[in-house]
Amino acid sequence: MPETLLLTGGAGYIGSHTALTLLRRGRDVVVVDDLSNSSAESIRRVNRLSGREAVFYEADVRDRGKLKEIFANHKIDAVIHFAGYKAVGESVAEPLKYYQNNLDTTLALCETMPQFGVNRLIFSSSATVYGTSQNVPLKESEPTGCVNPYGRTKLMNEEILTDYANANKEFAVTILRYFNPVGADPSGEIGEDPRGIPNNLMPYITQVAVGRRPKLYVFGADYPTPDGTGVRDYIHVADLAEGHAAAYERMKPGVNVYNLGSGAGHSVLELVRAYEEANGVEIPYEITGRRPGDVAQSYADPGKANRELNWKTKRTLRDICRDAHNWQTRNPEGYQKS
Ligand code: NAD
Ligand code: WQD
């Protein structure tokens, strides 16, 4: 019998790529997603690409009744908890929405999983928990500290899960701190599909590339970095998906925290140039002021994940740019027009 993973938020950007990787590796996948930031079309395409079938429940993870029904219907071996809201600016404007959803989804899982003997959980955390630290490359041991409500929900979730695992020794938690997930499956069938104006750099660039937006605004060119623009660790979403598969395969007792990043930092202008070169397009841009809350540079020391999960990133910045562009040109309006 294949092992079965429950993916909360599995219709979303990272969840759908992880579902594809797991299905291709012969795991069974159950997805619960309320589609608040995604489309069921992503799951239909994952099924087509993998030639297999993820079971899909359209439901809110906080709905304990529905969650019980899902655990009763399937023999779940582990949960990967992607579900949550992720827009930093929105979290500042509507903090309660973030605390309610991002924390209560985790509480609902912790309440329900033991009732069905499920005691392995992998949690989507973020490099945002390192706050304003500039101590690059960032190690997992770096002190945490968040600067916005979204980030605080990630840190609080890490703490809630750690407390819960300390009190329940059979409960194992793997916390994955993602750096900057970008790119798409090389098929161009699934990818990142933000609603409204993209908050993040790569989807903004891809939308400029297909003419949905006239130009990119580069938020600051006066940082203490080689070209003055912000430096980040961009990780191909397919590498990230493989990181989840590795984390599941190598899950250990207790609480274990891993950075998932490439270990390399690239500036905004480097990414723009790499995108132009990989795709033969021009990305017009204008340098504007810094975005509040941004740090000059953030990139991972992925050594712990390399060693303990036997995982490292394989895709290059060029692969990232090619695959992101392929997804956007095949789906200029995202999943909407499908
Ligand atoms: P996403 O918005 O594409 O996916 C999240 C999914 O969760 C969406 O499909 C949404 O509909 C669903 N969802 C939200 N609340 C729900 C609820 N109460 N019940 C059921 N479904 C719910 O985002 P993503 O980029 O795929 O991110 C996945 C996870 O990784 C999130 O927890 C996010 O905070 C975290 N993360 C993302 C990034 C990033 O840059 N994309 C970086 C670090 C961490
Ligand atoms: C990257 C670089 C910007 C947009 C965010 C969240 C973080 C995590 C990942 C979830 C920065 C610059 C951006 C634009 C620009 N998410 N930029 N013009 O800020 O590193 O991380 O997403 O956990 O929590 O904060 O990613 O893609 O927004 O920005 O110049 O239109 O691109 O200033 O230097 P960030 P990003």
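In this chain, residues are counted from 1 in sequence order. Order of appearance sets the numbers: ligands from 1, and atoms from 1 within every ligand.
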Looking only at side-chain N and O atoms, does [Y] offer a donor or acceptor that is under 3.5 Å from a partner on [X]?
| X | Y | result |
| --- | --- | --- |
| T21 | E242 | no |
| E140 | Y258 | no |
| D185 | H17 | no |

Check each heavy atom of [X] against ligand 2 and say whether those closer than 4.0 Å belong to the side chain, the backbone, both or neither.
| X | result |
| --- | --- |
| Y178 | neither |
| V88 | side chain |
| N180 | side chain |

Answer yes or no: does an N/O atom from [X] fall short of 3.5 Å to an N/O atom of ligand 1?
| X | answer |
| --- | --- |
| G12 | yes |
| V32 | no |
| Y13 | yes |

Does [X] come within less than 4.0 Å of ligand 1, judged by its heavy atoms?
| X | value |
| --- | --- |
| N101 | yes |
| R177 | no |
| S125 | yes |

Atom indices of ligand 1 within 4.0 angstrom of [X] heavy atoms, with elements:
| X | answer |
| --- | --- |
| Y150 | 33 (C), 34 (O), 35 (C), 36 (N), 44 (C) |
| S124 | 29 (C), 30 (O), 32 (O), 35 (C) |
| A59 | 19 (N), 20 (C) |
| L35 | 11 (O) |
| T105 | 18 (N) |
| S38 | 8 (C), 9 (O), 11 (O) |

Check each atom of ligand 2 against the heavy atoms of [X] and keep those under 4.0 Å away; list them by number with element.
| X | answer |
| --- | --- |
| V218 | 30 (O) |
| N199 | 4 (C), 28 (O) |
| G230 | 34 (O) |
| F219 | 4 (C), 13 (C), 14 (C), 15 (C), 17 (N), 18 (N), 30 (O), 31 (O), 33 (O) |
| Y217 | 14 (C), 15 (C), 18 (N), 30 (O), 31 (O) |
| Y234 | 1 (C), 2 (C) |

Check: For the residue pair F123 and H81, does the interplanar ring angle fall in the parallel (under 30°), tilted (30 to 60°) or perpendicular (over 60°) class?
Finding: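 Answer is tilted, since the angle falls between 30° and 60°.
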Next item on the list: Can you label the angle between the Y164 ring and the F171 ring as parallel, tilted or perpendicular, going by 30° and 60°?
Entry: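 Correct class here is perpendicular.
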Note to self: Check this for me - ligand 2, S126, N or O atoms closer than 3.5 angstrom, yes or no?
What the structure shows: yes
Check: Considering residues, nucleotides and ligands other than K139, do more than 12 of their heavy atoms fall under 6.0 Å from its NZ?
Finding: no
If you measure from [atom] to every heavy atom of [options], which option wins on shortest distance?
| atom | options | result |
| --- | --- | --- |
| atom 5 (C) of ligand 2 | T225, D294, N200 | N200 |
| atom 8 (C) of ligand 1 | D33, T153, V129 | D33 |
| atom 25 (O) of ligand 1 | K66, R195, Q100, K86 | K86 |
| atom 29 (O) of ligand 2 | H266, R291, R290, M202 | R291 |

Item checked: Part of K154 within contact of ligand 1 (heavy atoms, under 4.0 Å) ->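 Near ligand 1, K154 shows its side chain, while the N, CA, C and O stay back.
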